[in-house]
J.: 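Here it is, the structure, as C-alpha cells.
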Number of protein chains: 2
Amino acid sequence: MKGDTKTIILDEALSLFAVKGYDGVTVQDIARAVGIKAPSLYKHYKSKQDIFDAILIETENRYKKQVLSMNMNGSEPEKDKDLFLGITEEDLYEKVKGLFLYYLHDEYAVKIRRMMTIGQYQNERLSDLYKKQYIDDALLYQKTLFQFFIYSGVFESGDPQMMAIQFYAPIYLLMINCDNRSEREKESLAFLKEHVRQFGQLYSNKEK
Amino acid sequence: MKGDTKTIILDEALSLFAVKGYDGVTVQDIARAVGIKAPSLYKHYKSKQDIFDAILIETENRYKKQVLSMNMNGSEPEKDKDLFLGITEEDLYEKVKGLFLYYLHDEYAVKIRRMMTIGQYQNERLSDLYKKQYIDDALLYQKTLFQFFIYSGVFESGDPQMMAIQFYAPIYLLMINCDNRSEREKESLAFLKEHVRQFGQLYSNKEK
DNA sequence: GTCTATAGACGGATAGAC
DNA sequence: GTCTATCCGTCTATAGAC
C-alpha cells in the first residue's frame, strides 16, 4: 500500500530535501516530482512544513522500530550477543561491511542521513536525531557488545567505551569518505577489512 | 583593514549561510546583519551568488595559505617532523587538543565547516573542499608523519595509512560529537587524551 | 483528488535621489 | 555608498470548477 499519492509525496519530498534542503525545495518541485500540480498537494498535506514534519515523524518511527528490533534499548543486546559470540574475524568483517554498505546505499537511509546532515544547524530535531543515531546509539551498541565480550572472556579487559570509539570512528570516517564518492568505496572497504582484522587481533584474548 | 563594509558583508553572510544555508538566507537578512539596506549590498557585490562565491574564494585562499604554512603540500612536513620528533605523550595530547579546540571554537573555521557541511550535496565545490580538508589532507598529513616516525624508529613498523585512519577517525568523531553540543566537550577531551595515550603506547618502539 | 486561476507575500535586483 | 521606491518573478496557499 505504498503506492498512494500521500506516501509518494513524502518519498519525493525527502529525495529533494536530502539534496537541496527545506528552503531549496519549492512545493512546485515536489509536485513536479510526484507528477501532479502544486495545489493538489494541499489535498494531502496542509502545508510544506506539514510535509516536512510528516517525514520526520516517519523517520523517527522507523528508527524506533529498528532500535526495538535490535534490542538496542540501552540494556543489553541479548540477541546480538549470540550472533557475535562465536564469530570469526572474517564473519565480523562481513557484518560490518553489510552495515557499512547499508548506510551508504540503502535509498531511504542515505536520504534521511543527508537531510539530517544539511538541516542540523537549522532544526534541533534533525541535529538530535543525527547525533543519537550516528554517534550516541552507535557507540552505545558497540560498547555494550564489547562489555559482553570482555565479560565472556572473548576479549581481553579494557575500557569498552574507548574500544567502541576506536572501533566505530574509522567505520564512520570511511562512510563519510565514500558518501557521494563511490569511487572511494573499494579502497575504503579494504581499509575497513584491515581495521576489523587489527582490532580483533589487538583485543582478542590470547590466553584462551 | 577588516572593518570595511565589503568584508563585513562577507563575514555576516558567512555567519548566516553557516546556519541556514544559501537558500535559507535572504539578501535582506545579510543587509540587516551588516546594518544597511538590501539595495546597498549591490554596490559591493553584483548578486547574492557573487557574495557566496567571494566567501568560497576567500576560504580556498585561506586554506591554501594554511597548507603552505604547514608544508603540507603532499611531500614531507619537514618543519613538523622536528616538532614531533622528541615529543612526549602529554605534549602530543596538548597538540591534538589544541587543533581539536581550534576546529571546534575558531569562529571562522566553525562557520566554514558548517557551511560546507550543509551545502555539500548542492554544491560540488563545497563537497570537494570539505572532503579534502577534513578527510584527505588530514589523513595525508598524519600518514606522512607516521611514515617518518616509523622511518626514524620512534614507532614500530606498521601501515602508516591505517595508522592515520585509526588515529584521526576518533578525533574527527569526537569533534562531530561536540559540534553544537559544548556540554560534551569535557568528556570528549578525556576520551581524546586516553586515545592519544593508547595510540602512543601501542606503536611506540619498546626496543629503543 | 485533480485541475486552473489567482491572491498575497516575499524574493532578488535596479533606478535614481542624495 | 547609502537610501527610497519600485519592478518583476516566484513562492505558499486558497477558491472553486470538474
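Chain identifiers are assigned alphabetically (A, B, ...) following the order of the sequence lines, protein sequences preceding nucleic acid strands; residue numbering begins at 1 within each chain.
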J.: What contact category does A/Ser40 fall into here, base, sugar-phosphate, or nothing, at under 4.0 angstrom with non-hydrogen atoms?
T.: base
J.: What is the nucleic acid contact for B/Val25, judged by heavy atoms within less than 4.0 Å: base, sugar-phosphate only, or nothing?
T.: sugar-phosphate
J.: Just how far, in rounded Å, is C1' of C/dA13 from CZ of B/Phe52?
T.: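 Those two atoms, CZ and C1', are 19 Å apart.
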J.: Does A/Thr5 place a side-chain N or O at less than 4.0 Å from the phosphate oxygens OP1/OP2 of C/dT2?
T.: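 Checking A/Thr5 against C/dT2: at least one side-chain N or O falls below 4.0 Å of OP1 or OP2.
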J.: Nearest-Å distance, CD1 (B/Ile9) to P (D/dG1)?
T.: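 My rounded result for the distance is 9 Å.
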J.: Specify the separation, in whole Å, of atom CD of B/Gln49 and atom P of C/dA13.
T.: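 The answer, rounded to whole Å, is 9 Å.
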J.: Does CD belonging to A/Glu107 count more than 12 external heavy atoms closer than 6.0 Å?
T.: no
J.: Which one, D/dA13, D/dC3, C/dG11, comes nearest to the side chain of B/Lys37?
T.: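 Of D/dA13, D/dC3, C/dG11, D/dC3 is nearest to the side chain of B/Lys37.
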J.: Check the distance between D/dA13's P and A/Lys46's NZ and give it to me in whole angstrom.
T.: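 Nearest whole value for this atom pair: 10 Å.
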J.: Is the phosphate of C/dT14 approached by B/Tyr42 (side-chain N or O, under 4.0 Å from OP1 or OP2)?
T.: no
J.: Can you tell me the distance, in whole Å, between the CD1 atom of B/Ile36 and the P atom of D/dC3?
T.: 6 Å
J.: Out of C/dG1, C/dG11, C/dC3, which nucleotide sits closest to the side chain of A/His44?
T.: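 Of C/dG1, C/dG11, C/dC3, C/dG1 is nearest to the side chain of A/His44.
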J.: Could you give the CZ-to-P distance, from B/Arg32 to D/dT2, as a whole number of Å?
T.: 17 Å
J.: Check the distance between D/dT2's P and B/Lys6's NZ and give it to me in whole angstrom.
T.: 12 Å
J.: Would you mind telling me which of D/dT14, D/dC11, C/dG12 lies closest to the side-chain atoms of A/Pro39?
T.: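 When the side chain of A/Pro39 is considered, D/dT14 is the closest of D/dT14, D/dC11, C/dG12.
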J.: Round to the nearest Å and state the distance from B/Leu41 atom CG to D/dT2 atom P.
T.: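 These atoms are roughly 9 Å apart.
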J.: Taking atom types as modelled and ignoring hydrogens, do the side chains of B/Asp23 and A/Tyr22 form a donor-acceptor contact shorter than 3.5 angstrom?
T.: no
J.: Are the charged groups of A/Asp11 and A/Lys6 less than 4.0 angstrom apart, N to O?
T.: no
J.: Please determine whether side chain to side chain contact (heavy atoms under 4.5 Å, CB included) holds for the pair B/Tyr130 and B/Arg113, giving the CA-CA distance in whole Å, both sets of side-chain angles, and the decisive distance to 0.1 Å.
T.: CA-CA 7 Å; B/Tyr130 182 86; B/Arg113 175 167 52 79; 4.1 Å; yes
J.: Scan B/Lys43 against the nucleic acid and name what it touches under 4.0 Å (heavy atoms): base, sugar-phosphate only, or nothing.
T.: base
J.: Is the shortest side-chain N/O distance from B/Lys48 to OP1 or OP2 of C/dG12 below 4.0 Å?
T.: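 Answer is yes, contact under 4.0 Å.
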J.: I need the single residue from A/Lys111, A/Lys20, A/Arg114 that forms a side chain to side chain donor-acceptor pair (under 3.5 Å) with A/Ser15. Which is it?
T.: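 One option only clears the test, and that one is A/Lys111.
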